[in-house]
Amino acid sequence: MSYFITNEQGKNEYGKIGKLRIQSTIHPAFSLILLGFCMIFLILSAWNFNNTINQAVNTHVLHLYSRQPLLHTVSDKFLSFGLDTSLLRDMKSLPIKDSKFINLARLLGPAYVRVGGTSADCLHFNQTKIVSEKVINPVDGQDISNFTINEIDFENLYNFATKSKLRMIFDLNVLIRNVNDSWNDVNAKNIISFAKNKGMTLDWQLGNEPNSFHHVFNRNVSATQLAHDYCHLRELLNEIGYNESLLVGPEVNHVEDTVHMGEQYAKTFLENDKNSVNYVTWHQYYLNGREAQLTDFINISIFNYLPKQIKSMQKAIISSGELIPMWLSETSTAYGGGAPKLSDRFVAGFLWLDKLGYSASTGVNVVTRQSLFGGNYAMIGSDLIPNPDWWVSIVYKKFVSEKVLKLSPISLEYLRLYAHCTPKKAWTGRVPAITIYGINLANFPVHVTIQGIPVFHKNAKVYLYALTSDKLQSRTIKINGELLKLESNGNLPPFRPIVLEPTEQISLPPYSMIFIIIHNAKVPACYT
Ligand SMILES: *[C@@H]1O[C@H](CO)[C@@H](O)[C@H](O)[C@H]1NC(C)=O
Ligand SMILES: *[C@@H]1O[C@H](CO)[C@@H](O)[C@H](O)[C@H]1NC(C)=O
Ligand SMILES: *[C@@H]1O[C@H](CO)[C@@H](O)[C@H](O)[C@H]1NC(C)=O
Ligand SMILES: *[C@@H]1O[C@H](CO)[C@@H](O)[C@H](O)[C@H]1NC(C)=O
Ligand SMILES: *[C@@H]1O[C@H](CO)[C@@H](O)[C@H](O)[C@H]1NC(C)=O
Ligand SMILES: *[C@@H]1O[C@H](CO)[C@@H](O)[C@H](O)[C@H]1NC(C)=O
């Protein structure tokens, strides 16, 4: 089926035909013959011309079948983010009361803010500060000493989430254990009861990366034992009045990695957890923050890790006999706090946006970015100025809804595109739209046309937003050539589109992240 059914002909062709008709009024009979020849010549040359153009500048055709059902509907908080529990070791340095920080977090909503990480299994809730001796993991230098937070700390954290209109997920300490190796729930009960008494609404987790405890804490908790602990926590939550809160786990890492076998741990966990978890959660990183190089961030082989890991995790879930959707509950470009001058720069946006697109296309329900603040992978710098990935996330929230569409596969490795319905808020004049977004990793412009989408009106338009930067390692990012900056009152600036006719070829700049909004697109799954 031809696309943009009401706009089959290009403007230029109409123009040429019009001119020929005017000439034909002079010598009707001769002109007709001439017109015939001219038409043939025109058609042939246009055909040749187009073919040449196609080869010279590489126009690639994208197909989107308009009558398709939705491929998936992900969470309305699909793009979420974390605040690492290690930040709670020094609450005074965490800007959760700063109105600028709250504004930046709020602009990313709706989202979950997951308070978790390695330090979650060191956290004790107590009014009196325990002063423990510093314990540093000899392998990665991580602080694994126990520490305390008190009621005021917990309340401040919760108030930050409320003011930012975020839903908090709190990761409880699973390493407080009884002599028979079962989880000791006393400290957790204090937190949960405190939260309930204050009327807080939030969701929960228990422990962090339990399949790697041996390497981090020199302790082991088996998948079967952890499953029992999760059942116990589910009961406790129900008793205390959090029966409507989510419980997610088991927070495994090292998926698709022969040594640690995160997916095997998750499988055994699911076989024993008696449906205690609402979502199966795991952690994903592409690179080691200490070793990662600029070239890794634009290397297609690195991008291809994620599909393999997701498939491996899906297989584990299916083989456990459970059908529970998954969350990437902690994920970023590089582990170990991110790669300096890379994970918080423009170039990190490619792996980030591709992860969002690919994950949604496979039905991953939530992707939690590590991290909103802190480390080299922060979306917001320590100066409270947004990093490029904060902007990428903002643009994503604006133009990409939770309704996922299927786009036919593209044969080019450097072009990775995905399709969703456009959120209602971004429609123009209550007319539905679809969004095609993704990345052009080529160092040259790539030209595309889109086929298969009928439109409602002749005045259908395509809006293009291209995110680029002067340097791959820049801390700034541009939209259609304009530097992205908050307005002085903290509001988002207007995003100015490049407006195209639906038939026009769309040019995607080199090293760009692109959002193509097709206003007036007739894709029933997006509006019925
Ligand atoms: C707080 O810590 C003290 C000293 O370690 C302990 O005796 C007390 O039981 C703890 N309180 C709570 C609520 O965990
Ligand atoms: C931290 O607390 C846990 C649970 O109470 C305890 O088992 C562990 O030994 C403590 N770790 C250190 C290094 O003190
Ligand atoms: C393990 O010990 C705890 C606390 O002493 C107890 O409540 C629990 O029932 C025990 N679990 C098993 C399986 O024996
Ligand atoms: C934990 O398990 C690993 C692998 O099964 C084993 O090598 C290690 O000795 C165990 N560690 C402890 C503290 O039990
Ligand atoms: C949670 O408990 C309340 C009160 O018992 C009940 O009304 C509600 O239906 C329960 N919700 C779920 C999801 O079980
Ligand atoms: C891309 O990454 C793969 C896998 O790590 C590596 O083998 C290859 O050499 C890298 N290519 C470039 C151009 O860096």
Side-chain angles (χ1 to χ4, degrees), residues 118 121-122 135 137-139 144 146 172-190 192 206-236 239-240 250 252-269 272-274 276 284-309 312 333-336 339 342-343 347-348 350-351 354-355 358 412-414 416 439-444 472-473 510-511:
T118 301
D121 291 314
C122 307
V135 185
N137 180 314
V139 181
I144 51 163
N146 288 325
L172 296 162
N173 186 340
V174 77
L175 282 182
I176 307 178
R177 307 194 68 80
N178 298 315
V179 280
N180 63 10
D181 200 36
S182 67
W183 175 54
N184 181 318
D185 66 5
V186 174
N187 204 255
K189 240 186 216 162
N190 292 335
I192 300 165
L206 181 59
N208 180 76
E209 301 177 354
N211 56 313
S212 299
F213 278 162
H214 168 54
H215 299 271
V216 181
F217 294 105
N218 193 26
R219 297 178 65 170
N220 288 327
V221 175
S222 74
T224 312
Q225 180 58 53
L226 185 75
H228 295 157
D229 300 339
Y230 260 83
C231 294
H232 183 86
L233 174 56
R234 181 74 265 179
E235 281 169 19
L236 199 64
E239 277 166 27
I240 299 178
V252 291
N253 66 346
H254 290 294
V255 168
E256 193 50 27
D257 163 338
T258 45
V259 190
H260 301 277
M261 297 291 280
E263 60 274 47
Q264 182 58 45
Y265 191 99
K267 176 175 177 280
T268 310
F269 173 85
N272 292 282
D273 89 313
K274 304 198 182 91
S276 66
Q284 189 272 349
Y285 293 88
Y286 300 93
L287 300 160
N288 178 343
R290 273 162 232 251
E291 294 165 0
Q293 301 290 317
L294 176 63
T295 50
D296 296 327
F297 283 71
I298 47 172
N299 179 338
I300 308 287
S301 312
I302 307 293
F303 284 75
N304 290 335
Y305 290 165
L306 179 68
K308 283 191 215 129
Q309 291 169 310
S312 184
T333 50
Y335 59 84
L342 288 166
S343 293
V347 73
F350 296 111
L351 283 166
D354 187 63
K355 175 180 294 170
Y358 185 81
L412 301 171
E413 280 200 307
Y414 48 80
R416 302 169 79 95
I439 60 174
N440 175 21
L441 274 183
N443 60 2
F444 48 85
L472 287 174
Q473 278 181 272
Y511 295 124

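Numbering of ligands and ligand atoms starts at 1, following listing order. Residue numbers count from 1 along this sequence. What you see is a predicted model, and the numbers here were worked out from it, not measured in a lab.
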Distance from atom 4 (C) of ligand 6 to nearest protein heavy atom, with residue and atom: Ser301 CB, 4.0 Å
Main chain of Asn208, side chain of Asp121: is a donor-acceptor contact present, judged purely on distance under 3.5 Å? yes
Protein contact of atom 9 (O) of ligand 4 - nearest heavy atom, named by residue and atom, plus distance: His214 CE1, 4.3 Å
Any protein heavy atom lying closer than 4.0 Å to atom 2 (O) of ligand 3? yes
At what distance is the nearest protein heavy atom to atom 13 (C) of ligand 4, and which residue and atom is it? Asn218 O, 3.4 Å
Do Phe350 and Phe303 make the cut of ring centroids closer than 6.0 angstrom? no
Full working for side-chain contact (heavy atoms from CB on, under 4.5 Å) between Thr268 and Thr224: CA-CA 6 Å; Thr268 310; Thr224 312; 3.7 Å; yes
Nearest protein heavy atom with distance in Å, relative to atom 5 (O) of ligand 3: Asn178 CG, 4.4 Å
Heavy-atom nearest neighbour in the protein, as seen from atom 14 (O) of ligand 3, with distance rounded to 0.1 Å: Asn180 ND2, 3.2 Å
Any protein heavy atom nearer than 4.0 Å to atom 7 (O) of ligand 6: no
Output, in order, the C-alpha distance, side-chain angles, deciding distance and verdict of ring-ring contact (aromatic ring centres under 6.0 Å, His included) for Phe444 and Tyr414. CA-CA 10 Å; Phe444 48 85; Tyr414 48 80; 5.3 Å; yes
Hey, does Asn220 come in under 3.5 Å of ligand 4, counting only N/O atoms on both sides? yes
Evaluate the criterion side-chain hydrogen bond (donor to acceptor under 3.5 Å, both in side chains) for residue pair Asn178 and Asn184; output intermediate values, then yes/no. CA-CA 5 Å; Asn178 298 315; Asn184 181 318; 3.1 Å; yes
Residue part near ligand 6, for Tyr305, under 4.0 Å between non-hydrogen atoms: side chain
From Asp273 atom CG to Asp229 atom CG, the distance as rounded to the nearest 0.5 Å: 11.5 Å
With respect to Thr295, determine whether any N or O atom, backbone or side chain, lies less than 3.5 Å from an N or O atom of ligand 6. no
Do His228 and Asn272 pair up side chain to side chain, a donor and an acceptor below 3.5 Å, judged on atom types alone? no
Could you tell me the residue and atom name of the protein heavy atom closest to atom 11 (N) of ligand 6, and the distance to it rounded to 0.1 Å? Asn299 ND2, 2.9 Å
Is there a donor-acceptor contact under 3.5 Å from the side chain of Asn211 to the main chain of Asn253? yes
